[in-house]
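The structure presented is a predicted model; accordingly, all values stated were derived computationally and were not measured.
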Amino acid sequence: MERRCACYYGPRMGFTVLAINPGSTSTKCAIYRDTKEAWKKGVSHAPEDLARFRRLQDQLEFRGAAVRAGIAESGIPLTEISAVVGRGGLLKPLPGGVYEVNDRMKADLLSEKYGRHASNLGALIADSLAAELGIRAFIVDPVVVDELADVARYSGIPEIPRRSIFHALNQKAIAKRAAARVGKPYADCTLVIAHMGGGTSIGIHVNGLVVDVNNALDGDGPFAIERAGTVPAGDWMRWVLSHQHDPQALQLMLTGKGGLVSYLGTNDFPAIEQAARGVGSAAGGAPEATVNGTPDRPGASLDSAACDRLIRTLCYQAAKSIAGLAAFTGGKVDAVVLTGGLAFSERVVKEIGDRVSFLAPVLVFPGENELEALALGAREVLSGETCPRIYEG
C-alpha cells in the first residue's frame, strides 16, 4: 500500500497556489494552477511610499493591498486558491524544505531576531491572506537554509564562523531540474550550482544537501555585479580603521555598491556587456597591463577595455569558486549548473564554461524562477509528496 504524508489532501489534481516574493522595492506574485503559471505580476513600490514606514513590518498592509489588487485584476477567484506560499526570510538557520508558517516563525520575523530584509515579509503576507481564506500558508527553502558540513563552518577565527546565507530557493529548485537532466535523483547527485545576479552564491550539493556555500547576503565569495566578494582581509581591516565610515556605509561597500558597480558606477549588466563588445577576450589569457599598476578606479566611464576586463574578472572569480568547491568530493561532480540573471549572457556562460568544463558537463538554467519554485514547493505538500517541516525557532 502506498504511504503518503499525513497532511495528504487527496487524489485530486489542479491545486491552485498563490506565490508571493517581496523584494526591497517590489512585490512579485503569481498564481499557479497545478504546475502551470496562470497569472503573474510584479508591483513596483516608489521609494517615497516605502519611506513612510518606519519599520519593515509596517509595510505589511500596504504590500498586502498591492497583492490583493493584482489578484483582482487576474480574474481568478480567491476561493480557488488552495494555499499561499511566501518567500522565506531571515530566520533561524534550518534545513531545506517546505515550512508551514506558525506563530514562532511570525514572531521571529516581526522582531527581526535574525536580521532585517524585505524577504521577511513573505511569510507574513502569505499568512495574512491565508487566514482570510481559511487555508494554509508556507515558505520554501528560505535564504538561511543551513546544511553545511563541519569543515565548511570554520573561518580561522573562532568568534566568526562561516554562515550559510544564499539563494537557497532557486538553487534547490534548479538542483532538482539539473538532477533530472543528469538522470539521477537529487538525493544521489553531486552538483556545483552558481546563482549569478546582483550577488553570486555558489554551492556544492551532495546527496541533496548544500554542504558548502558562500554567504552571498554579506558579499562573501566571488566578485559580482553588486558584491565586492571576499576582499583582502588585512587591507580591508586597515582601510576600515583609517576611514570614518558608519556601519551602513561599510556594508554598502560590500553589498550594493561593491563589485562592478564600484568600478563602473552602474549595475546595468546589459549596458556593461554592450560597452565591452569589440574588445575580445579569451579565458586563460595573459593578464593585461594597468595604469601605474592600479586597476580601474571607481567612477570610471563605460569604456570598452574596462568593461571587458571587469566581465572577465567576474567570470574568472566565479569559475575559481566553482572549481574550488569541487575539492569537497575530490573533483567528482555530476554537473556544473549556471543559473540566475547572468546565465542569460552567452559570454558569461561561455567564459565560465570554458574554465570549468573539465569538471563535468555545464548545464544552464537562466533566470531566478523563484515564484515557480515557491509554488511547486507548496504543491509538493498539497499533493502529499512531502510533509511540511515545523519551524521551532
Side-chain angles (χ1 to χ4, degrees), residues 141 147 152 166-214 216 221-225 227 229-230 259-260 269-270 272-273 276-277 280-285 308-370 372-373:
D141 291 324
E147 300 166 340
F166 68 110
H167 302 92
L169 179 61
N170 189 47
Q171 281 217 22
K172 285 280 190 176
I174 292 301
K176 294 172 184 176
R177 292 174 61 184
R181 183 83 63 85
V182 170
K184 297 169 66 175
Y186 174 48
D188 295 336
C189 279
T190 296
L191 306 165
V192 181
I193 300 185
H195 177 115
M196 304 175 295
T200 292
S201 66
I202 301 180
I204 182 165
H205 299 231
V206 180
N207 299 333
L209 301 176
V210 185
V211 295
D212 198 357
V213 67
N214 60 293
F223 177 99
I225 295 178
R227 301 293 191 274
T230 302
L260 291 184
F269 190 79
I272 295 169
E273 192 170 32
R277 289 198 177 109
S281 61
D308 179 72
R309 185 161 46 246
L310 288 162
I311 292 174
R312 201 164 347 128
T313 298
L314 181 149
C315 294
Y316 166 65
Q317 290 202 9
K320 183 168 67 170
S321 294
I322 290 168
L325 284 176
F328 190 93
T329 54
K332 297 176 182 178
V333 177
D334 291 304
V336 173
V337 185
L338 306 181
T339 185
L342 288 187
F344 285 109
S345 166
E346 293 182 6
R347 173 175 176 177
V348 169
V349 168
K350 182 179 187 308
E351 290 200 15
I352 294 176
D354 286 347
R355 291 185 183 274
V356 303
S357 58
F358 71 94
L359 287 170
V362 178
L363 307 180
V364 184
F365 297 90
E368 295 183 348
N369 308 298
E370 290 181 330
E372 179 184 17

Non-hydrogen side-chain atoms of Leu325 and Ser321 separated by less than 4.5 Å: no

Closest contact, heavy atoms only, Gly198 versus Ala224: O-CB, 3.7 Å

Derivation of the side chain to side chain contact (heavy atoms under 4.5 Å, CB included) call for Val210 and Ile193: CA-CA 10 Å; Val210 185; Ile193 300 185; over 6 Å; no

Heavy-atom pair of closest approach, residues Asn369 and Pro366: ND2-O, 3.6 Å

Greater than 12 external heavy atoms within 6.0 Å of Tyr316's OH: no

Ionic contact status for Lys350 with Glu346, cut-off 4.0 Å: no

Side chain to side chain, Ile202 and Pro222, heavy atoms closer than 4.5 Å: yes

Contact check, side chains of Leu363 and Arg177, non-hydrogen atoms, under 4.5 Å: no

Distance-minimising heavy-atom pair for Gly203 and Val213: CA-CG2, 3.7 Å

Rounded distance [0.5 Å steps], CG in Leu342 versus NE2 in His195: 8.5 Å

Validation row: Ile352, Met196 side chains within 4.5 angstrom (heavy atoms): yes

Pairwise side-chain contact, Ile272 with Leu310, heavy-atom cut-off 4.5 Å (strictly under): no

Minimum heavy-atom distance between Ala175 and Tyr186, given as atom pair plus value: CB-CE1, 3.4 Å

Contacts of Glu273 that satisfy side-chain hydrogen bond (donor to acceptor under 3.5 Å, both in side chains) - sequence neighbours left out: Ser345

Phe269 side, atom CZ; Arg347 side, atom CZ - distance, nearest 0.5 Å: 7.5 Å

Thr200 side chain near Gln317 side chain, heavy-atom distance below 4.5 Å: no

Any donor-acceptor pair under 3.5 Å from Asp334 side chain to Thr190 backbone: yes

Side-chain heavy-atom pair His205, Glu147 within 4.5 angstrom cut-off: no

Spatial distance of atom CG (Leu314) from atom CD1 (Ile225) [nearest 0.5 Å]: 7.0 Å

Side-chain (Asp212) to main-chain (Ile204) donor-acceptor, under 3.5 angstrom: no

Inter-residue atom distance Thr329.OG1 - Leu191.CG, 0.5 Å rounding: 10.0 Å

Gap between atom CG of Asp141 and atom NE2 of His167 - 0.5 Å precision: 13.5 Å

Closest non-hydrogen atom pair, Cys315 against Val348: SG-CA, 3.8 Å

Donor-acceptor pair, side chain of Gln171 and main chain of Ser201, under 3.5 angstrom: yes

Donor-acceptor pair between Thr339 and Asn170 side chains, under 3.5 angstrom: yes

Residue among Val206, Val192, Val333 satisfying side-chain contact (heavy atoms from CB on, under 4.5 Å) with Phe328: Val206

Minimum heavy-atom distance between Pro185 and Ala179, given as atom pair plus value: C-CB, 4.1 Å

